[in-house]
Amino acid sequence: MGSSNSVLWLSLGVLLSVALSAEGEELRIVVGEEDRSAVSVTIYSGRFALVRETREVVLPLGPFELEFLDVPRSIDPASVSVRSNHGSSELEVFDQSYRYDLLNKQMLLERFLGRKLKYSRSVMEGNRFEKVLREGKLLSINPEVVQFGDEIEIEPEGIISLAYLPDDLKTSPTLLWTMENSKQGAHELQVSYLTENVSWTADYVLTLDKDEKSADMDVWVTLENTSGARFDDANLKLVAGDVQRVTNHPGPRVDRQMRMEGMSLASSADAMPVEQAFFD
């Protein structure tokens, strides 16, 4: 593996980390929660929420990869939408992927198949323990088969030491975009997505006055967020009632049946969701 270079860009108070590959062809930009300038969360009664957030970033000219960190574990990747404040004509998205690999021994060993690993163990020498270090080539996993010189051992004893963490192994949920930019400089990335495991409940307390002719009502709202992401200082909206979510378009067999019955797809427009304004 070649070494990578790091470049720090400082513009308009935004600190940006840019990583170049050894060949100098792949430009990767990392945008985290610290770059967030605004976020709004609309929570529906079906235990899901619509999140809209803005993050400030300095983008180079031409093609690059952008890592969008600190998104929920429960995100719906198909619902993600991203655009720049400069418009889609300035920033074009070619590819999107969602990466989140739980960091465990299995995942790590899969990345090091065919490579050398270091195994260390403690042995008693006299009245004290000495650390013995061996280096071997990982031939297989489940079980581990390692070649140490001319010997091959199955499930060797010892603690495995790794020199680095593979780049494709993400320890936190990450959106990865392949983009091309035609306007170099500061951008505001406006990203929206749906996430599950966010809910709200309300409790109402009605207190009558002594004359029992008037009353005060207190409302307490309890929010539950187990989506795996934080939304500090968010602009919050709560929506009650059943939400009609768009389903997949009817398949060819359904289309033929509708035509046989003298119906058209246009006649099903009444069943489509209708947007309504928020009210108190």
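Since this is a predicted model, take the numbers as computed values, not measurements. Values below: every heavy atom of this structure, side chains too, minus hydrogens, waters and symmetry copies.
- Contact between Lys137 and Gly114 at its shortest, heavy atoms only, is CE-O, 3.4 Å.
- Looking only at side-chain heavy atoms (C-beta outward), Leu223 and Val221 come within less than 4.5 Å of each other.
- In this structure, the side chains of Val191 and Trp177 come closer than 4.5 Å at one or more pairs of heavy atoms.
- Across every non-hydrogen atom of Pro143 and Glu155, the tightest pair is CB-OE2, 3.3 Å.
- A 4.5 Å side-chain heavy-atom check between Leu66 and Val31 finds at least one atom pair inside the cut-off.
- Surrounding CG of Asp95 are more than 12 heavy atoms belonging to other residues, nucleotides or ligands, all under 6.0 Å away.
- Hydrophobic clustering places Phe112 together with Phe148 (ILVMFWY residues linked when any side-chain heavy atoms are closer than 4.5 Å, directly or through intermediates).
- Between Glu153 and Arg134 there is a salt bridge, with a side-chain nitrogen of the basic residue lying less than 4.0 Å from a carboxylate oxygen of the acidic one.
- Taking Ile, Leu, Val, Met, Phe, Trp and Tyr as members and joining any whose side-chain heavy atoms lie under 4.5 Å apart, directly or through other members, the hydrophobic cluster of Val123 also contains Val132.
- In terms of heavy-atom proximity, Pro72 sits nearest to Pro173 at O-CB, 3.9 Å.
- A donor-acceptor pair under 3.5 Å links the side-chain atoms of Asn85 to the main chain of Glu188, judged by distance alone.
- Closest approach of Asp35 and Val30 over heavy atoms only: OD2-O, 4.3 Å.
- Counting heavy-atom neighbours within 6.0 Å of Arg83 CZ, excluding the residue itself, gives a total of 12 or less.
- Among the candidates Glu135, Glu144, Glu157, the single residue satisfying the side-chain hydrogen bond (donor to acceptor under 3.5 Å, both in side chains) test with Tyr119 is Glu144.
- Between Leu162 and Leu117, the closest side-chain pair of non-hydrogen atoms falls below 4.5 Å.
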Determine, step by step, whether Trp200 and Leu236 satisfy the side chain to side chain contact (heavy atoms under 4.5 Å, CB included) criterion, reporting the C-alpha distance in whole Å, the side-chain angles of both residues, the deciding distance to 0.1 Å, and the verdict. CA-CA 11 Å; Trp200 68 277; Leu236 187 64; over 6 Å; no
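- The closest side-chain heavy-atom distance from Tyr98 to Val71 is below 4.5 Å.
- No side-chain heavy atom of Asn142 sits less than 4.5 Å from a side-chain heavy atom of Leu109.
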Apply the test side-chain hydrogen bond (donor to acceptor under 3.5 Å, both in side chains) to residues Gln190 and Thr54: give CA-CA distance (whole Å), side-chain angles for both, the deciding distance (0.1 Å), then the verdict. CA-CA 5 Å; Gln190 298 163 0; Thr54 300; 5.0 Å; no
Please output the side-chain donor-acceptor pairs of residues 203-217 that fall under 3.5 Å, not counting sequence neighbours, one pair per line with the distance.
residue, atom, partner, partner atom, Å
Asp209, OD2, Ser214, OG, 2.3
Asp211, OD1, Lys213, N, 3.1

Could you walk me through whether Val82 and Leu175 pass the side chain to side chain contact (heavy atoms under 4.5 Å, CB included) test, one step at a time? CA-CA 11 Å; Val82 56; Leu175 289 170; over 6 Å; no
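- Both Leu194 and Val239 are assigned to one and the same hydrophobic cluster, defined by single-linkage of ILVMFWY side chains at heavy-atom distances under 4.5 Å.
- No side-chain heavy atom of Val51 sits less than 4.5 Å from a side-chain heavy atom of Val198.
- Side-chain atoms of Leu176 and Gln96, non-hydrogen and from C-beta on, never get closer than 4.5 Å to each other.
- In Leu61, the CG atom is crowded: over 12 heavy atoms of neighbouring residues, nucleotides or ligands sit closer than 6.0 Å.
- Nearest heavy-atom pair, Arg55 versus Leu69, reported as atom, atom and distance to 0.1 Å: NH1-O, 2.8 Å.
- Closest approach of Leu59 and Asn181 over heavy atoms only: CB-ND2, 3.5 Å.
- Every residue two or more places apart in sequence or in another chain that forms a side chain to side chain contact (heavy atoms under 4.5 Å, CB included) with Arg52 is listed here: Ser40, Leu50, Ser192.
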